[in-house]
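Some notes on the structure that comes next.
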Amino acid sequence: MSGKKVPVILDTDIGSDIDDAVCLAYLLKQPACELVGITTVSGEPQKRAALADAVCRAAGRKNVPIHSGCTTAIHGKVMQPECPQASVLSRFDHRAPEEFKPNTAVEYLREQIRSRPGEITLLAIGPMTNIGLLFAVDPEIPSLLKELVLMCGIFTHRLNGMGPSGREWNALNDPLSTAITYAGKVKKHVSIGLEVTCKCQLPSTDCVEKFKQIGGPLSVVSAATEVWSKHGHKVTFHDPLAATTIFKPEICTWADGKVDVDIKSELVPGMTLFNEKAAEKPHRIAVDVNPEMFFNHYFEVTSGK
C-alpha cells in the first residue's frame, strides 16, 4: 500500500493469549497504519492498558491514547478475570495501571469515530463487550465506520477440538455483545475466524527467540511469550492475521454472506453461523489463508524491511 495512512483503533484483551501483543507490534511497525488509539477489554483492563503502553513505548511511541474498558460481559461474568502477562511489566517502561481511568473506552471510541466519519477502521480482537456497548449506546456509530475487522467466530467448518462446543473464544465470552456487533450496519464488516487463523502457527520457543532478535515492540512481546509458553506450546497468530488483512487482504480468500449469533441456546451461546446464500450479505468472512504469504509479510513489516 502507498499514499494516505489507514486510521486504525485497536480494541484488545492483550495480556491473556499472546497474539494480541503480537498484533499490536505489527500495527506499530506497519508504515501504512495510523494507530489512532487502543482500548482494552476483559478482566483487569487497566493492567491490560499498561501492557499495551509498554509495547507502544518499546516502539518509541509514548503518546498513543490508551483507554481502559469494560471488565465484564453485558450479560454474564467475565471469563478471563486476570491479566497474567502483566507480570512482565516491571521489566519495561510503562504507565502504571492506576494512571488509566476505568471505563473510558466506549466514550473514547464514540468520540473518535464521530470526529472522523467514514475514516476509522476498528479492529476488535478481544471479547466484543466494548463494541457491543458502543453500538447499543450510539446506534449510528456502525454507519460512521470505514471498516470493522474482527478476529471472531467460526464460520465454514468446525474441526474436532476447535473451541468449546464449536465456538470461538471472543464470540462466546459475551454472546449478547457479539450479536449486537454483527447486527451493526457497517459499510464493510469483516471477520477472520478460528478455522482460518489456526493455519498460522509457530512453536512458542521459536517465537520467543525470533521476537527477541527483532527487538523494538517485539522485545516486550518476547518476554510475554515466555509467560504464555508455560501453558501454550504454540503461538497461533489469530489477531495478527486479522490486522494484516487490513493492509494486504490478498493474504486471505473471502466469501460474502450473513452471520447470525446464537444467544438463545443454553448449551452453545455465542456460536456463529454463516449463510452464504442469504438474500442480504452484510458480512465478509475469510475462508482460507496463505500462511507463507502471511508470515513473510508479518516479519518483513516488524523487522522494518
Side-chain angles (χ1 to χ4, degrees), residues 8-31 33-69 71 80-102 104-105 108 123 125-126 151 202-240 243 298-305:
V8 176
I9 298 177
L10 176 68
D11 184 74
T12 174
D13 61 340
I14 188 171
S16 292
D17 198 333
I18 190 59
D19 58 318
D20 294 74
V22 179
C23 174
L24 176 55
Y26 168 84
L27 294 175
L28 288 162
K29 297 289 287 185
Q30 170 56 261
C33 177
E34 176 197 345
L35 184 58
V36 176
I38 300 167
T39 53
T40 62
V41 67
S42 201
E44 298 188 322
Q46 289 161 288
K47 287 186 179 180
R48 297 178 193 275
L51 186 58
D53 187 54
V55 178
C56 290
R57 286 172 180 250
R61 302 279 297 278
K62 295 187 176 182
N63 299 313
V64 176
I66 303 174
H67 287 263
S68 172
T71 61
Q80 45 188 26
E82 298 178 344
C83 177
Q85 291 162 35
S87 63
V88 307
L89 283 172
S90 61
R91 298 162 57 182
F92 301 97
D93 182 30
H94 66 281
R95 282 177 280 172
E98 55 269 20
E99 294 183 53
F100 298 94
K101 295 180 180 179
T104 61
Y108 170 77
L123 173 60
I125 58 174
M151 192 282 117
L202 292 175
S204 297
T205 51
D206 291 357
C207 288
V208 169
E209 293 306 314
K210 194 169 186 66
F211 295 161
K212 189 181 296 183
Q213 289 171 6
I214 294 172
L218 283 175
S219 60
V220 182
V221 179
S222 177
T225 306
E226 292 177 12
V227 177
W228 163 255
S229 65
K230 292 176 182 178
H231 65 273
H233 300 299
K234 292 183 179 180
V235 172
T236 304
F237 285 62
H238 306 289
D239 300 336
Y298 180 86
F299 287 112
E300 283 176 5
V301 170
T302 53
S303 299
K305 295 181 180 179

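These numbers come from a predicted model, not from an experiment.
Considering all non-hydrogen atoms of both residues, Leu218 and Ala25 come closest at CD2-CB, 3.6 Å. Residues Cys207 and Leu202 share a closest heavy-atom pair of SG-CB, 3.7 Å. For the residue pair Tyr108 and Pro65, the shortest heavy atom distance occurs at OH-CB, 3.7 Å. Contact between Asp13 and Ile125 at its shortest, heavy atoms only, is OD1-O, 3.5 Å. Residues Thr225 and Ser204 come closest through the heavy atom pair CG2-O, 4.0 Å. Heavy-atom minimum distance, Thr302 versus Tyr26: CG2-CA, 3.9 Å.
Between the side chain of Ser68 and the backbone N or O of Pro102, no donor-acceptor pair lies under 3.5 Å. Side-chain N or O atoms of Trp228 include none that pairs as donor or acceptor with a backbone N or O of Ser222 at under 3.5 Å. A side-chain donor-acceptor contact under 3.5 Å links Arg48 to the backbone of Gly43.
Looking at Cys23 and Leu123, their side chains come closer than 4.5 Å, going by heavy atoms from C-beta outward. No side-chain heavy atom of Phe100 sits under 4.5 Å from any side-chain heavy atom of Thr40. The shortest distance between side-chain heavy atoms of Asp19 and Thr236 does not fall below 4.5 Å. For the pair Ser229 and Thr205, the minimum side-chain heavy-atom distance is 4.5 Å or more. For the pair Val88/Glu226, no side-chain contact is recorded, criterion being any heavy-atom separation below 4.5 Å from C-beta on. Side-chain atoms of Leu28 and Leu24, non-hydrogen and from C-beta on, do get closer than 4.5 Å to each other.
Checking each of Val55, Leu51, Asp239 against Asp20 for a side-chain contact (heavy atoms from CB on, under 4.5 Å) leaves exactly one that passes, namely Asp239.
Summarising the geometry, atom CZ belonging to Arg61 is positioned 11.0 Å from atom NZ belonging to Lys29; distances are rounded to the nearest 0.5 Å. The CD atom of Gln46 sits 12.5 Å away from the NE2 atom of His67 when rounded to the nearest 0.5 Å. Ser303 OG to Gln213 CD: the interatomic distance, rounded to the nearest 0.5 Å, is 9.5 Å. Taking CD from Glu34 and CD1 from Ile9, the interatomic distance works out to 9.5 Å, rounded to the nearest 0.5 Å. Atoms CZ and OG, from Arg91 and Ser219 in turn, are 9.5 Å apart once rounded to the nearest 0.5 Å. Taking CD1 of Ile66 as the reference point, atom NE2 of His94 lies at 11.5 Å (rounded to 0.5 Å).
The aromatic rings of Phe237 and Phe299 sit perpendicular, their planes meeting at an angle over 60°, well past the 30° parallel limit.
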(request) Begin with the C-alpha distance, continue with both residues' side-chain angles, and end with the deciding distance and a verdict on side-chain contact (heavy atoms from CB on, under 4.5 Å) for Lys62 and Asp93. (result) CA-CA 10 Å; Lys62 295 187 176 182; Asp93 182 30; 3.9 Å; yes
